[in-house]
Chemist: 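Input: one structure, supplied below.
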Amino acid sequence: MKILQQRLWLKILVGMALGALLGYALAPAGLAVVAENTAHHIGSWLALPGAVFLGLIGMVILPLVVCSIITGIAGSNDATFVKDLAIRLIPYFLLTSLIAVFIGLGTAHLIKPGLQNNEARAPVEIIAPETMIENPTIPERIQNIIPKNPIKAAVNLDLLQIVIASIIIGLACLAIPHATIEPFIKLCQAGQSISMKVIEWVMAIAPLAVFGMMADMAIKLGPEAFIGLGGYVLSVLLGLLTLLAFYLLIVFFVAGRNPFSFLSSVRAVQLLAFSTSSSAAVMPVTLQTAEERLNIHPDTARFVIPLGATINMDGTAMYQTAAAIFLCQFFGIDLTFTEMMLLAFTLVGASVGAPAMPSAGIVILAAIVAGLGVPPEGIGMILGVDRILDMCRTTVNVSGDLTAATVMERWLHRSNKQQS
Ligand code: ASP
């Protein structure tokens with residue numbers, strides 16, 4: 001049975017639209033049909049189904065990532081396949097992130113948002129600025145991704161460490177006689193099926209969850225969050241749309257698929273990514289979409305999607321570039337060509353390291369632009385519009401993972417037949 005029932009995307013879309021309308025009606029900065037306190041009180045109740053939805057998906061993320069990766073690598077019992085996949089996938093991820101950064105540079109230089117006469121909005125408190133600046137050195141970053149304490153990684157839900165530990169365990173399974181590890185692989189397959197069953201149940205409340213989350217967000221942010229800093233928002237949105245168009249070209253020319261049917265297969269998960277702003281939260285649904293809607297072989301999907309959700313964030317890379325250039329233009333910081341190139345490569349690394357959760361992109365960006373001389377108020381300035389941009393870049397991040405899965409499927413000549 002399929003998780004993504006017929007027209008789920010439409011129900012989610014209707015939920016989103018109704019939620020935004022209700023939020024606008026209740027928002028103190030919108031129609032304000034009720035008093036401010038009442039609006040926030042109603043908002044916290046409206047957000048409840050969304051919290052339940054995300055909480056239940058969150059419950060299975062750990063077993064799902066671990067079991068998917070281990071069965072993805074060791075289930076096929078084919079070391080050559082895994083090697084072939086990895087040597088194509090990692091350069092593919094890096095190359096698309098680099099292209100995303102160059103698209104960001106292009107749109108920011110085309111629109112020059114920071115040189116326009118922007119009225120900077122007062123920052124909206126989404127994340128506490130003091131928790132934002134944290135700038136580990138490169139050797140520290142590398143040390144931080146080694147899962148030296150897998151239990152701690154699991155408790156903290158440090159996805160990158162969990163993914164790396166699972167890959168190592170999967171590779172070890174491949175190196176051990178099949179008979180020895182067979183019970184373990186069966187256990188992982190069972191874990192994967194149980195997790196997917198939970199997701200199937202949870203998806204039933206997706207439209208209601210999205211309705212409530214949108215309403216709550218609209219109450220908190222008000223309509224201004226969607227229209228402030230026009231040129232900056234425009235340059236980010238233009239860049240994200242270009243990136244999406246680039247994916248569709250890849251789907252057509254590289255993966256040999258119809259881009260329109262690709263879009264129609266992935267729209268439900270795109271809408272969920274938009275509503276949740278977290279590619280990690282929707283990762284189970286992305287995986288399901290890859291296997292059931294795009295007919296990608298589980299060996300490919302179970303490796304590409306969890307890894308992609310963790311390290312492949314082209315939308316974030318594009319956004320961070322456009323935002324960094326905007327802030328430099330706004331504060332009159334001239335970047336030389338070399339500085340610009342250095343920034344481009346730093347941002348590719350930053351998007352790899354960014355956790356797949358709401359606001360992650362701006363937190364990492366804060367550390368990078370501080371190094372360029374942008375004052376902390378700069379981040380405060382773009383914080384107000386960040387939520388809506390986060391929703392859009394997460395949609396693109398998830399689309400990028402699904403595009404990568406179709407490409408790997410094609411390159412590795414896997415069967416395109418429907419998996420039961
Ligand atoms: N919210 C994004 C994601 O989960 C990360 C970001 O903030 O850019 O994909």
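Counting begins at 1 with the first residue of the sequence.
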Chemist: Using 0.5 Å steps for rounding, measure from the CZ atom of Phe81 to the CG atom of Leu85.
Modeler: 5.0 Å

Chemist: Around Ile87, counting heavy atoms of other residues, nucleotides and ligands shown, do more than 12 lie under 6.0 Å from its CD1?
Modeler: yes

Chemist: Name the residue from Thr321, Thr242, Asp314 that meets the side-chain contact (heavy atoms from CB on, under 4.5 Å) definition with Ile103.
Modeler: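 Running side-chain contact (heavy atoms from CB on, under 4.5 Å) over Thr321, Thr242, Asp314 with Ile103 returns exactly one hit, Thr242.
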
Chemist: Heavy-atom distance under 4.5 Å between the side chains of Ser97 and Asn312, does that happen here?
Modeler: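 Yes, side chains in contact.
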
Chemist: Keeping Glu291 on the side-chain end and His297 on the backbone end, is there a donor-acceptor pair under 3.5 Å?
Modeler: no

Chemist: If we only count heavy atoms from C-beta on, is the Thr394 to Phe274 side-chain gap below 4.5 Å?
Modeler: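 They are not in contact (no side-chain heavy atoms under 4.5 Å apart), so the answer is no.
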
Chemist: Measure across Glu409 and Asn295 and return the closest heavy-atom pair with its distance rounded to 0.1 Å.
Modeler: OE2-O, 3.8 Å

Chemist: Quick check: do Phe53 and Leu272 have side-chain heavy atoms less than 4.5 Å from each other?
Modeler: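 Answer yes - side chains close enough.
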
Chemist: Sub-3.5 Å donor-acceptor pair from the side chain of Thr403 to the main-chain atoms of Ser399, do we have one?
Modeler: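 Checking the backbone N and O of Ser399 against the side chain of Thr403, a donor-acceptor pair under 3.5 Å is found.
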
Chemist: Going by heavy atoms in the side chains, are Ile325 and Leu343 under 4.5 Å from each other?
Modeler: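 In short, these two side chains touch, coming nearer than 4.5 Å.
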
Chemist: Mark yes or no for whether Gln270, through its side chain, and Val396, through its backbone, hold a donor-acceptor pair below 3.5 Å.
Modeler: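 Looks like no, no N/O pair under 3.5 Å.
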
Chemist: Hydrogens and angles aside, do Asp401 and Ser279 bring a side-chain donor and acceptor to less than 3.5 Å of each other?
Modeler: no

Chemist: Please check if the side chain of Gln320 supplies one atom and the backbone of Gly361 the other of a donor-acceptor pair under 3.5 Å.
Modeler: yes

Chemist: Should Val352 and Phe93 count as side-chain neighbours, where that means a heavy-atom distance under 4.5 Å?
Modeler: no

Chemist: Counting C-beta onward and ignoring hydrogens, is there a side-chain heavy-atom pair between Gln192 and Leu287 closer than 4.5 Å?
Modeler: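 Touching, per the 4.5 Å side-chain cut-off.
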
Chemist: Using the side-chain contact (heavy atoms from CB on, under 4.5 Å) rule, take Ile146 and Ile164 through it: C-alpha gap first, then chi angles, then the decisive distance, then the call.
Modeler: CA-CA 7 Å; Ile146 306 294; Ile164 289 173; 5.9 Å; no

Chemist: Using a 4.5 Å cut-off on heavy atoms from C-beta on, say whether the side chain of Leu46 contacts that of Leu22.
Modeler: yes

Chemist: Is Ser68 reaching over with its side chain to a backbone N or O of Val65, donor-acceptor style, under 3.5 angstrom?
Modeler: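 Between the backbone of Val65 and the side chain of Ser68 there is no qualifying donor-acceptor contact (under 3.5 Å).
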
Chemist: If you measure from the Lys or Arg side-chain nitrogens to the Asp or Glu carboxylate oxygens, is any gap between Arg302 and Asp299 under 4.0 Å?
Modeler: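 Salt bridge absent between Arg302 and Asp299.
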
Chemist: Would you say Thr395's side chain and Met391's backbone share a donor-acceptor pair under 3.5 angstrom?
Modeler: yes

Chemist: Looking at Arg88 and Asp84, would you say the former's side chain and the latter's main chain have a donor-acceptor pair under 3.5 Å?
Modeler: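 Confirmed, Arg88 side chain pairs with Asp84 backbone.
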
Chemist: Could you check Asp216 against Ser44 for side-chain contact (heavy atoms from CB on, under 4.5 Å), going step by step and ending with a plain yes or no?
Modeler: CA-CA 7 Å; Asp216 183 44; Ser44 62; 5.5 Å; no

Chemist: Would you check if the side chain of Ser278 reaches a backbone N or O of Ala356 as a donor-acceptor pair within less than 3.5 Å?
Modeler: yes

Chemist: Do any N or O atoms from the side chain of Lys11 and from the backbone of Leu8 form a donor-acceptor pair under 3.5 angstrom?
Modeler: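 Checking the backbone N and O of Leu8 against the side chain of Lys11, no donor-acceptor pair under 3.5 Å is found.
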
Chemist: Is it true that a side-chain atom of Ser261 and a backbone atom of Arg257 form a donor plus acceptor pair closer than 3.5 Å?
Modeler: no

